[in-house]
Amino acid sequence: MTLSLNIGNLFNDSSSHALVDELRKRTSEEDILDFEEKFNSKNEKNLHVYICRFLKNRSISRGLASKWLITIIKSKESKIDALQRSSN
């Protein structure tokens, strides 16, 4: 099954399952960040919002959610740090 990255306002069970499958497939930080960038560019809400919803609804494991969220947060923090260093 191919995941349509444009989920938009409608988030049904099949698209939810497809997204969880995509999250499970990606294991390297590079793959995770690449998928996040593509997902965020084509959807109203950022990927971390969906991951948090999945976690709240117990649709994914805490381990999988934490892996993705830690990777995303570390990437954002390193970008912020780089911007702060370049502005000083």
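Model, not experiment: these values are computed from the prediction.
- Residues that satisfy the side-chain contact (heavy atoms from CB on, under 4.5 Å) test with Q84, not counting sequence neighbours, are I80, D81.
- The list of side-chain hydrogen bond (donor to acceptor under 3.5 Å, both in side chains) pairs with a residue in residues 57-67, not counting sequence neighbours, is empty.
- Contact record, N46 with F39: C-CE2, 4.2 Å, taken as the closest heavy-atom pair.
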Legend entry - Stepwise side chain to side chain contact (heavy atoms under 4.5 Å, CB included) test for K45 and R53: CA-CA 12 Å; K45 295 187 177 160; R53 284 183 187 167; 2.9 Å; yes
Using a 3.5 Å cut-off and no angle test, enumerate the donor-acceptor pairs between side-chain atoms of residues 28-37 and protein atoms at least two apart in sequence or in another chain.
unit_1: S28; atom_1: OG; unit_2: D31; atom_2: N; d: 3.1
unit_1: S28; atom_1: OG; unit_2: D31; atom_2: OD2; d: 3.3
unit_1: D34; atom_1: OD2; unit_2: K38; atom_2: NZ; d: 3.2
unit_1: E36; atom_1: OE2; unit_2: N40; atom_2: ND2; d: 3.3
unit_1: E36; atom_1: OE2; unit_2: K76; atom_2: NZ; d: 3.3

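- Taking all atoms of both residues into account, the shortest heavy-atom contact from L23 to W68 is O-NE1, 3.0 Å.
- Linking ILVMFWY residues whenever their side-chain heavy atoms come closer than 4.5 Å, directly or via other members, leaves L64 and L55 in distinct clusters.
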Inset, instruction - Report the C-alpha separation of K74 and E77 in whole Å, then their side-chain angles, then the decisive distance to 0.1 Å, and conclude whether the salt bridge (Lys or Arg N to Asp or Glu O under 4.0 Å) test is met. - result: CA-CA 5 Å; K74 281 174 41 177; E77 286 177 343; over 6 Å; no
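- To the nearest 0.5 Å, atoms CZ (F54) and OG (S16) are separated by 4.0 Å.
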Inset, instruction - Take L19 and L47 through the side chain to side chain contact (heavy atoms under 4.5 Å, CB included) test and state the conclusion after the steps. - result: CA-CA 10 Å; L19 180 54; L47 181 59; 4.1 Å; yes
